[in-house]
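Because the structure is a prediction, the values reported are computed rather than measured.
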Amino acid sequence: MNISGMIRGLIGETQLSEPKSLELKAGQVVKGKVVQLLSDKEALVQINGVQVRAQLEAPLKQGEVTMLQVQPESSGGQVMLKPLQSSTVQIADVSLGDVLKGIGLQDTPANRQLVQMLHQAGVQLTRDHVYAFVQLRSGMPAQTPPEDWVPAAVIAFQKGLPLTSESVASLRQAVQGPPFHKALENISLLAQQELDGRTEYSPQTRALLEGVRQLVQQLRETAGQLLGRAADGGEAVQGASSSGAAGAGAQQAAAEQPPAAMAQAQTLSEQQEDGPLLGRLMKALGMNHEHQAIKHLEQNLQEQRLHAGSLSAGSPGEAAEAADSLKSVLMQLSQAMDAPQDLKDAARQAVQQITGQQLLLSQDRGAMFSHVTLFVPLIHANGEQTAAIHIQSRKGRNGSLDESNCRLVFDLRMKALGDTLVDVQVVNRIVSLHVHNDLPFTRELLDAHKDDIAQGLHSIGYQFISMKCSPYPSKATENIEFSESSGPASVLREGSLESIYAQRRYKGVDIRV
């Protein structure tokens, strides 16, 4: 009798019947299935073929299968996991192949990099979502690294804008390009240099160059007046809500704006109009260029019908040129046959920057809340700067912003006061202010002008209720992120708008094993 063989067999059977071990590392993605609910907050969960007793901190149904990611907070023998779509932890390399396989993509370095970037930017890794970015990638210049275009593409995606190379290039120029006042200064200097140094230009091109110079000067004058009326905070909402989204591959977004927005986008004379300064500034830039082009085209077609096909007041192209905004002049200059290539490239980039601003001002499609961003060039005694104004609001009638219930964050880089964030919360037209600045006398300065602030807000129909001061957010603590409840805790990551337009994530731990 082979006793040793029997012993080895018994030992082997015993070893086979031993429970499987489960090793999980931070960032790893695993498939989890709720086998049995033991209570409201406890269940048996099968993870990688191993059943474990788990504590639930988010509702999951029995039989539900979801991709889970191990969180770095795991310690002391307890593993913490979240659904993959609710986590921004970098996906572990060992799991990227399985994630790509689940999406239906080949396991290549380019796909690994793209999926990793989309996951950390807050894009849910569904097949449709990822394939939209893969298709966009095929239309991007081969030499453009993903780090250059993915952030802008994520903003376009989260706002529901067309994912085209044109719309992404415009958003990239607005968000990652030079500050807006620098772009205006650059194109103005180039136009002046060409006017001073070249004589062989056609009369049409010289007129365009002169138009660029004059329009930039008008914009500077209007921006200077705007700073003088900084207390008129209601203009930010009014100017943003009246500006449409448009440009290049984004013209579809312009055409789909609600009729009320088109009605508000009327031509203004920058020198004679008494309307809100911010609205005049936006229209002088060409924020409603596409709306005006459509309006003139419709008017011209109607006149053609009335006159049995004859043109009564010039061609649609001539009518569109009459809008005389900076964007329309720059678009014509970028196509001028006798203009040098560097001038046309600068004009094209300036057009992209204006178009990118239009896209940032567009309403978030399909969302209850809208986030819009406005870059405003400011001219003052200490020089020029570009102020970023971020607005969050519920959608009002016809998709407009609700100026009675909204939130505004003014991101300022000032020479005297330094970096400053002004967080404005508006609830039923009652305003509370939270100013972030590192200078020690900021609180005293604000306290001394409380009455002026209250009077200024009262003059435009708002009631001032409270104000507080805090240090400027550091990179370590980040800044102020927007939340759908418009709560006080939130921000803008320095140099990036992705945090504003990213999907709001559940911040609790979902599963403890």
Side-chain angles (χ1 to χ4, degrees), residues 85 117-124 126 128-133 135-136 139-140 149-177 236-237 239-258 261 282 287-288 290-291 352-375 388-396 398-402 406-409 411 481-484 486 490-493 495-505:
Q85 69 269 18
M117 293 181 71
L118 294 180
H119 172 64
Q120 293 186 268
V123 177
Q124 292 192 14
T126 66
D128 290 343
H129 291 175
V130 176
Y131 268 81
F133 284 88
Q135 185 176 2
L136 172 64
M140 301 299 294
W149 61 267
V150 168
V154 168
I155 293 175
F157 173 80
Q158 301 290 21
K159 287 183 72 67
L161 296 170
L163 269 184
T164 65
S165 57
E166 293 86 357
S167 62
V168 170
S170 297
L171 284 168
R172 177 188 172 196
Q173 190 67 27
V175 174
Q176 300 167 243
V237 176
S241 61
S242 64
S243 300
Q251 291 187 4
Q252 176 185 350
E256 294 180 7
Q257 289 297 303
M282 294 297 101
M287 295 298 186
N288 64 335
E290 283 74 16
H291 288 309
Q352 285 182 333
Q353 190 149 29
I354 295 173
T355 302
Q357 289 210 43
Q358 290 175 275
L359 296 175
L360 290 172
L361 281 170
S362 66
Q363 302 283 345
D364 296 13
R365 302 182 183 185
M368 182 181 299
F369 285 81
S370 282
H371 298 117
V372 298
T373 299
L374 180 65
F375 295 108
I389 304 175
H390 307 274
I391 306 170
Q392 180 197 52
S393 168
R394 285 183 178 273
K395 289 184 180 178
N398 299 319
S400 62
L401 299 177
D402 182 3
C406 59
R407 182 181 180 194
L408 302 91
V409 175
D411 188 1
E481 66 179 11
F482 279 117
S483 65
E484 293 199 350
S486 289
S490 69
V491 124
L492 326 167
R493 295 176 183 172
S496 173
L497 293 178
E498 287 181 69
S499 59
I500 294 180
Y501 298 105
Q503 295 181 354
R504 302 300 109 201
R505 292 184 175 278

Between [Y] and [X], is there a side-chain heavy-atom distance shorter than 4.5 Å?
X      : Y      : answer
Pro151 : Val175 : no
His129 : Phe157 : yes
Leu161 : Ser167 : no

Contact summary for [X] and [Y], nearest pair of heavy atoms:
X      : Y      : result
Gly356 : Leu171 : O-CD2, 3.7 Å
Val154 : Phe133 : N-CE2, 4.1 Å
Leu163 : Ala132 : CD1-CB, 3.9 Å
Ser165 : Gly139 : CB-O, 4.0 Å
Ile354 : Met287 : O-SD, 4.0 Å
Gln352 : Ala169 : NE2-CB, 3.7 Å

Margin query: Rounded to the nearest 0.5 Å, what separates atom CG in Leu359 from atom NZ in Lys159?
Written below: 8.5 Å
Next item on the list: For the pair Gln158 and Val123, evaluate side chain to side chain contact (heavy atoms under 4.5 Å, CB included) and give the outcome as yes or no after the intermediate values.
Entry: CA-CA 8 Å; Gln158 301 290 21; Val123 177; 4.1 Å; yes
Notebook entry, point to check: Given Ile389 and Val409, is the side chain to side chain contact (heavy atoms under 4.5 Å, CB included) satisfied, shown in steps?
Noted result: CA-CA 6 Å; Ile389 304 175; Val409 175; over 6 Å; no
For [Y], is there any backbone N or O sitting under 3.5 Å from a side-chain donor or acceptor partner on [X]?
X      : Y      : answer
Thr373 : Leu360 : no
Gln124 : Gln85  : no
Ser170 : Thr355 : no

Notebook entry, point to check: Run the side chain to side chain contact (heavy atoms under 4.5 Å, CB included) check on Thr164 and Leu136 step by step: do they pass?
Noted result: CA-CA 6 Å; Thr164 65; Leu136 172 64; 5.6 Å; no
